Amino acid sequence: MNNSRVSSLVIRTPEGISFSLLLACPVTRCLAWSVDVACMGAAMAVIGGVLALTKLVSTDLHNALRILVFFAVQIGYGMVCEWFWRGQTVGKRLLRLRVMDAQGLRLQFSQVVLRNLLRFVDMLPFCYMVGGLASLFNARAQRLGDFVADTIVVRAPKIAEPDLDQLLAGKYNSLREYPHLEARLRQRVSPQEAGLALQALIRRDQLDLQARITLFEQMAAHFRSLVAFPPEAWEGISPEQYIRNVVDIVFRS
């Protein structure tokens with residue numbers, strides 16, 4: 001990749017499938033961080049009210065606890081939110097941003113820890129100057145924490161629901177001849193599996209021919225293993241048509 005800024009990152013899998021990720025710009029990330037700063041400030045205000053009671057014991061103890069809580073909130077807020085919300089904080093959710101592995105893989109806990117620990121370096125000398133300059137001159141808008149943890153921040157715009165009538169129009173569904181098995185299929189297919197099948201159909205024309213054939217063969221074999229329809233229900237139709245039939249059943253009861 002060259003040093004010029006890009007608005008999206010294209011990732012190609014070993015199976016020949018390409019997909020792009022929309023990279024978040026520094027301005028949007030700054031706005032999201034402003035929201036997170038407000039959230040941390042609110043948390044500190046609440047905790048500070050509780051810690052005020054420690055002044056009755058010792059002023060030094062009170063000051064020491066305030067410093068510890070400050071660092072715990074600064075580091076822990078990002079770690080907890082990004083791990084349990086899969087790469088998002090309150091600010092990132094509002095701005096539709098998400099932290100991801102730079103290769104499009106699942107975000108690891110070690111990556112979450114690294115990028116948040118290095119946040120203090122990015123904040124030097126003040127107002128996120130180091131991190132801001134790093135993201136401005138980095139082709140993928142990575143601050144130092146992202147660079148070390150091998151993460152990126154992407155935009156996740158709201159996606160309109162596909163028109164199933166257009167996607168599945170004019171296709172006879174042989175699986176619907178068996179209502180009891182049809183109901184069992186809806187019960188056994190997870191939302192994640194259904195979503196992957198739908199995305200495969202939507203993006204099928206973007207795949208290499210051999211990758212497209214292999215992908216739908218593997219998916220069809222998987223769904224056939226979930227519910228054993230009689231051979232006459234699926235013999236003679238392509239694996240891609242079988243996935244169409246499954247999507248039709250799962251999304252259109």
Side-chain angles (χ1 to χ4, degrees), residues 1 6-23 84-88 93 96-108 151-152 154-253:
M1 180 179 295
V6 294
S7 59
S8 61
L9 177 66
V10 178
I11 297 176
R12 185 178 180 85
T13 68
E15 293 78 15
I17 301 172
S18 298
F19 61 95
S20 61
L21 301 172
L22 299 175
L23 296 174
F84 287 102
W85 283 354
R86 294 187 297 176
Q88 287 187 309
R93 280 199 166 194
R96 294 189 178 278
L97 306 181
R98 185 182 298 276
V99 180
M100 294 187 63
D101 176 85
Q103 278 71 49
L105 303 175
R106 180 184 178 88
L107 192 65
Q108 301 297 316
T151 56
I152 54 175
V154 300
R155 291 188 289 121
K158 187 175 182 180
I159 301 175
E161 293 186 4
D163 186 350
L164 292 178
D165 289 330
Q166 183 178 10
L167 182 65
L168 305 173
K171 302 292 184 180
Y172 169 71
N173 192 341
S174 57
L175 304 185
R176 288 196 178 275
E177 297 294 327
Y178 307 88
H180 63 294
L181 296 178
E182 180 183 352
R184 189 179 303 170
L185 181 65
R186 280 195 295 269
Q187 292 174 349
R188 295 185 177 179
V189 174
S190 69
Q192 292 79 12
E193 291 171 330
L196 287 173
L198 178 59
Q199 287 300 315
L201 290 174
I202 293 174
R203 302 183 182 185
R204 62 192 185 280
D205 293 330
Q206 303 174 16
L207 306 178
D208 294 338
L209 178 59
Q210 188 56 49
R212 178 173 174 174
I213 293 173
T214 302
L215 174 64
F216 282 105
E217 284 178 346
Q218 293 176 348
M219 295 184 73
H222 170 70
F223 285 114
R224 280 198 291 266
S225 70
L226 296 180
V227 177
F229 283 84
E232 55 268 24
W234 53 269
E235 285 182 344
I237 65 175
S238 67
E240 185 171 326
Q241 180 58 46
Y242 190 89
I243 298 303
R244 284 177 180 269
N245 292 350
V246 170
V247 169
D248 178 50
I249 288 174
V250 173
F251 286 92
R252 299 198 299 192
S253 300

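Since the model is a prediction, treat every value here as computed from it, not as a measurement.
Here the side chain of E240 pairs no donor or acceptor atom with the backbone of I213 at under 3.5 angstrom. Within the 3.5 Å criterion, the main-chain N or O of S238 finds no donor-acceptor partner in the side chain of Q241. S225 places a side-chain N or O within 3.5 Å of a backbone atom of H222 that can act as its donor or acceptor partner. Here the side chain of N245 pairs no donor or acceptor atom with the backbone of N173 at under 3.5 angstrom. Side-chain atoms of R204 never come within 3.5 Å of backbone atoms of R212 as a donor-acceptor pair (strictly under, hydrogens ignored).
Interatomic distance, R98 CZ to R93 CZ, rounded to the nearest 0.5 Å: 7.5 Å. In this structure, D208 CG and Q210 CD are separated by 9.5 Å, a value rounded to the nearest 0.5 Å. To the nearest 0.5 Å, atoms CE (M100) and CG (L107) are separated by 8.5 Å. One distance of note links CG of L201 with CG of L196; it measures 11.5 Å at 0.5 Å rounding.
Between A194 and F251, the closest heavy-atom pair is O-CE1, 3.6 Å. When all heavy atoms are compared, the tightest approach of F216 to P239 is O-CB, 3.4 Å. The nearest pair of heavy atoms linking A233 to Y178 is CB-CE1, 3.5 Å.
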Can I249 and R176 be said to form a side-chain contact (heavy atoms from CB on, under 4.5 Å), step by step? CA-CA 8 Å; I249 288 174; R176 288 196 178 275; 4.3 Å; yes
With side-chain contact (heavy atoms from CB on, under 4.5 Å) as the criterion, how do L175 and V246 come out once you've worked through the C-alpha distance, each side chain's angles and the decisive distance to 0.1 Å? CA-CA 8 Å; L175 304 185; V246 170; 4.3 Å; yes
Applying side-chain contact (heavy atoms from CB on, under 4.5 Å), run through Y172 and E177 and close with a yes or a no. CA-CA 10 Å; Y172 169 71; E177 297 294 327; 2.9 Å; yes
Stepwise side-chain contact (heavy atoms from CB on, under 4.5 Å) test for L226 and E193: CA-CA 11 Å; L226 296 180; E193 291 171 330; 4.0 Å; yes
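With sequence neighbours excluded, the residues forming a side-chain contact (heavy atoms from CB on, under 4.5 Å) with A197 are M219, F223, I243, V247, listed by chain and number. Residues meeting the side-chain contact (heavy atoms from CB on, under 4.5 Å) test with L22, sequence neighbours left out: S8, R155, P157.
Pairs of residues two or more places apart, or lying in two chains, never qualify as side-chain hydrogen bond (donor to acceptor under 3.5 Å, both in side chains) while including a residue from residues 226-235.
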